[in-house]
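The residues of the chain are indexed from 1 along the displayed sequence.
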Amino acid sequence: MTAVIQARSVTGPSRLRARVNFAIFAIVVVGGGWLFAAWDRATGQLSGTADTTSTSGSTAGQGLWLLAPALTALALHFLSKDGAGPLGLTLRFPGRVRWFAFALALFPMAAALCVAIATATGAATFSLAPSPGKPALAEAIVAALGFLLIKNVLEEFIFRGYATRTAMALGLPGLAPHALVGLLWGLWHLPLYLVWMRPADFDATTSLPWPWFLPWFLVGIVALAVLYGELRLRTGSIWPGVALHTVSNALSTPLLLHGHLRLEGHADAWFGIAPHAITSMVIFGGLGLVLYRRRIAE
């Protein structure tokens with residue numbers, strides 16, 4: 001299948017415009033979250049208590065953390081045209097059933113493989129029974145889907161709809177556009193982990209101290225950005241990414257936070273299902289690399 005979106009040959013003012021737009025967008029993405037977190041603190045809204053799977057505990061700053069980059073992307077797209085192409089909102093693309101099936105099935109299969117390896121090696125225990133006071137796995141997944149779908153439409157629009165299409169217009173070689181988007185995506189998450197997320201939830205996600213977690217997390221997010229970015233380029237649409245993102249969040253968060261999957265020691269860095277895990281990097285980054293090589297060979 002021919003890629004719907006190719007790296008465009010943008011020269012002169014259009015390439016310059018794409019670079020200016022991307023720089024403005026990056027400032028909002030990286031700096032906005034810290035500004036809104038500071039606003040939450042100044043206005044006395046709760047920090048360190050946010051629920052990552054529902055609207056419960058969310059603050060005004062968290063809402064703006066999502067909305068500001070999306071609104072900035074829309075404004076730049078319509079008011080500062082750079083010739084980098086559409087925003088990927090179409091549901092009409094070749095082979096869409098195949099791509100949606102791939103997106104929906106990928107994370108459950110990858111998670112099952114990681115859990116099987118971790119339990120077989122004694123690095124983890126898995127149970128269908130949740131921790132006391134937590135909902136059952138199926139109930140938690142269904143309860144999270146509505147909010148996650150809304151959140152991930154915005155998130156995928158920001159980082160695939162606008163960021164990937166603009167990064168491809170910068171004239172960067174090879175995988176560099178995906179790496180650039182992945183770096184922004186990773187830095188955008190930091191206020192969530194450091195300010196809004198419950199410390200207990202963060203501790204359930206990783207055993208690594210911050211000096212170790214941060215570089216591994218950024219590498220893992222870049223690996224994911226290759227896969228998500230290639231899905232965007234192959235289909236011309238953000239929607240397979242929305243499906244993949246929503247399924248992965250809806251499944252991984254209850255598994256880790258509700259006590260179904262307990263990883264011993266630093267096993268989360270090896271066999272975990274979060275982005276900082278080596279297994280995650282190998283599976284998702286490897287698949288992204290395969291899609292990239294197939295695209296450039298066509």
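- S248 contributes atom OG, which lies 7.0 Å from atom CZ of F284 (distance to the nearest 0.5 angstrom).
- Using a 4.5 Å cut-off between side-chain heavy atoms of Ile, Leu, Val, Met, Phe, Trp and Tyr, I27 forms no hydrophobic cluster with any other residue.
- The shortest non-hydrogen separation linking A103 to A243 is CB-CB, 4.1 Å.
- For W270, the CH2 atom counts as loosely surrounded, since its 6.0 Å shell holds 12 or fewer non-hydrogen atoms of other residues, nucleotides or ligands.
- For the atom pair CZ of F107 and CD1 of I283, the computed distance is 9.0 Å after rounding to the nearest 0.5 Å.
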- Could you please spell out the steps behind the side-chain hydrogen bond (donor to acceptor under 3.5 Å, both in side chains) verdict for R96 and T235? CA-CA 8 Å; R96 61 180 174 178; T235 64; over 6 Å; no
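- The aromatic rings of F159 and F25 stand perpendicular to each other, their planes meeting at an angle above 60°, with 30° marking the opposite boundary.
- L244 has its side chain out of reach of L104: every pair of non-hydrogen atoms, C-beta onward, lies at least 4.5 Å apart.
- The aromatic rings of W196 and W65 are tilted relative to each other, their planes meeting at an angle between 30° and 60°.
- Residues V247 and P108 meet the side-chain proximity criterion, which asks for heavy atoms closer than 4.5 Å.
- Considering OH of Y193 and CG of L214, their distance stands at 11.0 Å, rounded to 0.5 Å.
- Through side-chain heavy atoms spaced under 4.5 Å, either directly or across other Ile, Leu, Val, Met, Phe, Trp or Tyr residues, V290 is tied to no other residue.
- In this structure, CD1 in I150 is found 11.5 Å from CG in L145, a value given to the nearest 0.5 Å.
- Atom CZ of F100 and atom OG of S237 lie 5.5 Å apart (nearest 0.5 Å).
- Residue V181 is not grouped with residue I296 when hydrophobic side chains (ILVMFWY) are merged at heavy-atom distances under 4.5 angstrom, including chains of intermediate members.
- In the displayed structure, L128 atom CG is contacted under 6.0 Å by at most 12 heavy atoms of other residues, nucleotides or ligands.
- With respect to K151 and E155, a salt bridge is recorded, a charged nitrogen being found less than 4.0 Å from a carboxylate O.
- With D40 contributing its side chain and T59 its backbone, the two residues share no donor-acceptor pair below 3.5 Å.
- Residues F22 and L180 are in side-chain contact: their nearest non-hydrogen atoms beyond the backbone lie under 4.5 Å apart.
- Using a 30° and 60° split on the angle between ring planes, H260 and H258 fall in the tilted class, from 30° to 60°.
- Pairing each heavy atom of N249 with each of T253, the nearest pair is O-OG1, 3.0 Å.
- Between F213 and W210, the angle of the ring planes goes over 60°, which puts this pair in the perpendicular group of the 30/60° scheme.
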- Task: Mind running ring-ring contact (aromatic ring centres under 6.0 Å, His included) on W212 and F217 for me, showing each step along the way?
- Result: CA-CA 9 Å; W212 283 97; F217 171 73; over 10 Å; no
- Determine, stepwise, if the pair D82 / S14 fulfils side-chain hydrogen bond (donor to acceptor under 3.5 Å, both in side chains). CA-CA 5 Å; D82 50 28; S14 295; over 6 Å; no
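- In this structure, L106 is a member of the same hydrophobic cluster as F93, with clusters built from ILVMFWY side-chain heavy atoms closer than 4.5 Å.
- With sequence neighbours excluded, no residue forms a ring pair (Phe, Tyr, Trp, His ring centres under 6.0 Å) with W239.
- Considering every non-hydrogen atom in both L187 and L218, the closest pair reads N-CD2, 4.1 Å.
- Checked by atom type and distance alone, the side chain of T279 pairs as donor or acceptor with a backbone atom of G272 at under 3.5 Å.
- Two residues are said to be in side-chain contact when any heavy atoms from C-beta on lie closer than 4.5 Å; L194 and F202 fail this criterion.
- A donor-acceptor contact under 3.5 angstrom links the side chains of D268 and H276, judged on distance only.
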Going by atom type alone, with no hydrogens or angles, which donor-acceptor pairs under 3.5 Å involve a side-chain atom of residues 166-173 and a protein atom two or more places apart or on another chain?
| unit_1 | atom_1 | unit_2 | atom_2 | d |
| --- | --- | --- | --- | --- |
| T166 | OG1 | Y162 | O | 2.8 |

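- A 4.5 Å side-chain heavy-atom check between P240 and F102 finds every atom pair outside the cut-off.
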Ignoring hydrogens and angles, write down the donor-acceptor pairs under 3.5 Å from the side chains of residues 220-231, residues two or more places apart or on other chains.
| unit_1 | atom_1 | unit_2 | atom_2 | d |
| --- | --- | --- | --- | --- |
| Y228 | OH | H245 | N | 3.4 |
| E230 | OE1 | R295 | NE | 2.8 |
| E230 | OE2 | H178 | NE2 | 2.7 |
| E230 | OE2 | R295 | NE | 3.3 |
| E230 | OE2 | R295 | NH2 | 2.8 |

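- Here the shortest heavy-atom pairing between G61 and F36 reads O-CB, 3.5 Å.
- Listed by first and then second residue, the side-chain hydrogen bond (donor to acceptor under 3.5 Å, both in side chains) pairs that reach into residues 118-134 are S131-R262, sequence neighbours excluded.
- Note: the hydrophobic cluster containing L149 does not contain V142 (ILVMFWY, side chain heavy atoms under 4.5 Å, direct or indirect links).
- A donor-acceptor contact shorter than 3.5 Å is absent between the side chain of D201 and the backbone of M197.
- Contact detail for L257 and A204: the closest heavy-atom pair is CD2-CB, 3.7 Å.
- Tracing side-chain contacts under 4.5 Å through hydrophobic residues (I, L, V, M, F, W, Y), one never reaches M109 starting from L261; they form parts of separate clusters.
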- Task: Might you work through the side chain to side chain contact (heavy atoms under 4.5 Å, CB included) test for L175 and Y292, ending with a clear yes or no?
- Result: CA-CA 8 Å; L175 294 170; Y292 165 76; 3.5 Å; yes
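- There is no path of hydrophobic side-chain contacts, each under 4.5 Å, that joins V28 to L79.
- When all heavy atoms of I158 and L66 are compared, the pair lying nearest together is CD1-O, 3.4 Å.
- A donor-acceptor pair under 3.5 Å is formed between the side chain of R165 and the backbone N or O of G85.
- Listed for the R232 side chain is no donor-acceptor partner under 3.5 Å among the backbone atoms of G241.
- Here the CD1-CG distance, from I141 to L251, works out to 5.0 Å after rounding to the nearest 0.5 Å.
- Taking the side chain as every heavy atom from C-beta outward, R234 and W99 approach each other to under 4.5 Å.
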